[in-house]
Amino acid sequence: MLKYFVLIASLSLLASSAFAEDATRFDGLTINDENVLLYKNKPLNPLIQGNSSLQEVGTYQLGKNDVVLIQNNGGSACPVQLYFVIVSASGAKATPSFGTCTDYFVVKKMADSIKVTMPAWIGLMAPYDLQRKVDKEKHHVFLFKAGVMTENGGPLRSSLPP
């Protein structure tokens, strides 16, 4: 049986205008009417556009940067995708999307990095034998360190289901 993680995500959804006032030490992150994450009224690269909604999970200080974990809430095929947005005095930059599509995850901030641990997920419509096989997989560990994302110690893979 799949071991469940505590969902760390914030309960409040981001309003269509701005983040909480104290979300970062640097102002400028907002969401427009098309559900696109903006920095100082310009879309980030890569583009972060919410499927159903965008949600701020947490903000973490790493040196001179603030790193915001953003959750894109999707549909039944992939309920959640995550992004880190690095915000500094010189601007904002987003990582590619990451995750296993599940909304169960644990976030741990360390001195120089942020770790997100998620169980494997195949989807509710997958055949039972495939679900059981995926349940036995090790958890996925995503690490953000020095501006680089890794998955289980290697290059980041796509979070979209096959």
Hey, what do you get for [atom1] ([X]) to [atom2] ([Y]), rounding to the nearest 0.5 Å?
X	Y	atom1	atom2	result
L82	L69	CG	CG	5.0 Å
L62	T59	CG	OG1	11.0 Å
I70	I31	CD1	CD1	7.0 Å
H140	T100	NE2	OG1	6.0 Å
T30	K40	OG1	NZ	11.5 Å
F142	T150	CZ	OG1	9.5 Å

For [X] and [Y], work out which heavy atoms get closest and say how close.
X	Y	result
N35	S53	ND2-CA, 3.5 Å
N72	S52	OD1-N, 4.5 Å
F105	T102	CD2-O, 4.3 Å
K145	S113	CB-CB, 3.8 Å
Q49	L54	C-CD2, 4.4 Å
P79	C101	CD-O, 3.1 Å

Check: Can you tell if the side chain of P96 reaches within under 4.5 Å of the side chain of L156, non-hydrogen atoms only?
Finding: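 Side chain of P96 against side chain of L156, heavy atoms only: contact under 4.5 Å found.
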
Note to self: Within the structure provided, determine whether I48 and V85 are in side-chain contact (heavy-atom separation under 4.5 Å).
What the structure shows: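 With C-beta onward as the side chain, the pair touches.
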
Next item on the list: Applying side chain to side chain contact (heavy atoms under 4.5 Å, CB included), run through L37 and Y83 and close with a yes or a no.
Entry: CA-CA 11 Å; L37 184 63; Y83 300 84; over 6 Å; no

I'd like to know if the side chain of [X] and the backbone of [Y] have a donor-acceptor N/O pair within less than 3.5 Å.
X	Y	result
Q81	G74	no
N32	E34	yes
K93	S88	no

Note to self: Looking only at the aromatic ring of each residue, does the gap between the centers of F98 and F84 stay below 6.0 angstrom?
What the structure shows: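 Close enough - the centres of the two rings lie under 6.0 Å apart.
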
Margin query: Side-chain heavy atoms under 4.5 Å apart, restricted to Ile/Leu/Val/Met/Phe/Trp/Tyr: what other residues fall into the cluster of L143, or is it alone?
Written below: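 For the cluster that includes L143, the remaining residues are M110.
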
Check: Looking at residues at least two apart in the chain, or sitting in another chain, which of them share a side chain to side chain contact (heavy atoms under 4.5 Å, CB included) with V141?
Finding: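 With neighbours one apart ignored, the set is K115, T117, N152.
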
